[in-house]
Amino acid sequence: FAEHFIALQLSDSDPKKERLVLSVASNLLKAYGPDKVAVEVVTFGPGIDLLRDTNEHRALVDSLVTQGVRFSVCGNTLDTIERDTGKRPKLNPHAVEVQVGVGHLLDLAERGFTIVRP
């Protein structure tokens, strides 16, 4: 049963920022232990690039998923990209689509998650 609830916000399409978010998630698992912490990475806007199936950090995302980290992707962002380009981005199959990324962060905060923007 988790004692710590942390949501990591990612709204930038920047490999350094992606790496930082993944590093923070990994460090939280190490610091508290995977069964004592619930970590969710919430991506929206340009931040959804982390969860594209071709992202350079794909293996690390997949590894964190096996350790219990959840990765959410904003459905509104996906809809906008599909409207603009004519196709929906191909995502990591572990990505969980939520309707509104920022709204999901607010829901998590109401449920006791601490929101962190590394």
Flag yes if [X] and [Y] sit in one hydrophobic cluster, no otherwise; membership is Ile, Leu, Val, Met, Phe, Trp, Tyr, and two members link when side-chain heavy atoms are under 4.5 Å apart.
X	Y	result
Val102	Val98	no
Val24	Leu51	yes
Val39	Ile48	yes
Val61	Val37	yes
Phe44	Leu106	no

I'd like to know if the side chain of [X] and the backbone of [Y] have a donor-acceptor N/O pair within less than 3.5 Å.
X	Y	value
Asp35	Ala2	no
Arg52	Leu91	no
Ser26	Leu22	no
Thr85	Ile81	yes
Lys17	Pro118	yes
Ser72	Val42	no

So do [Y] and [X] actually touch side chain to side chain, heavy atoms under 4.5 Å?
X	Y	value
Asp53	Arg58	yes
Lys90	Thr54	no
Arg88	Asp79	yes
Phe5	Thr114	no

Closest approach of [X] and [Y], non-hydrogen atoms and distance?
X	Y	answer
Ser13	Pro46	CB-O, 3.3 Å
Ala95	Val73	CB-CG1, 4.1 Å
Asp49	Asn55	O-ND2, 3.0 Å

request  = For residues Tyr32 and His4, establish whether the separation of their ring centroids is below 6.0 Å.
outcome  = yes

ask   = Does one side chain, of Asn92 or Asp62, offer a donor that lies under 3.5 Å from an acceptor on the other?
value = yes

Straight-line distance of [X] [atom1] to [Y] [atom2], nearest 0.5 Å:
X	Y	atom1	atom2	result
Cys74	Gln99	SG	CD	9.0 Å
Glu82	Leu78	CD	CG	8.5 Å
Leu64	Leu29	CG	CG	6.5 Å
Ile115	Leu8	CD1	CG	9.0 Å
Ile6	Leu28	CD1	CG	4.5 Å
Leu10	Phe71	CG	CZ	9.5 Å

inquiry  = Less than 4.0 angstrom from a charged side-chain N to a carboxylate O is my criterion; do Arg19 and Asp14 meet it?
reply    = no

task = Decide side chain to side chain contact (heavy atoms under 4.5 Å, CB included) for Leu108 and Glu40; before the verdict, give the C-alpha distance in whole Å, the side-chain angles of both, and the deciding distance to 0.1 Å.
result = CA-CA 9 Å; Leu108 290 172; Glu40 182 163 348; 3.8 Å; yes

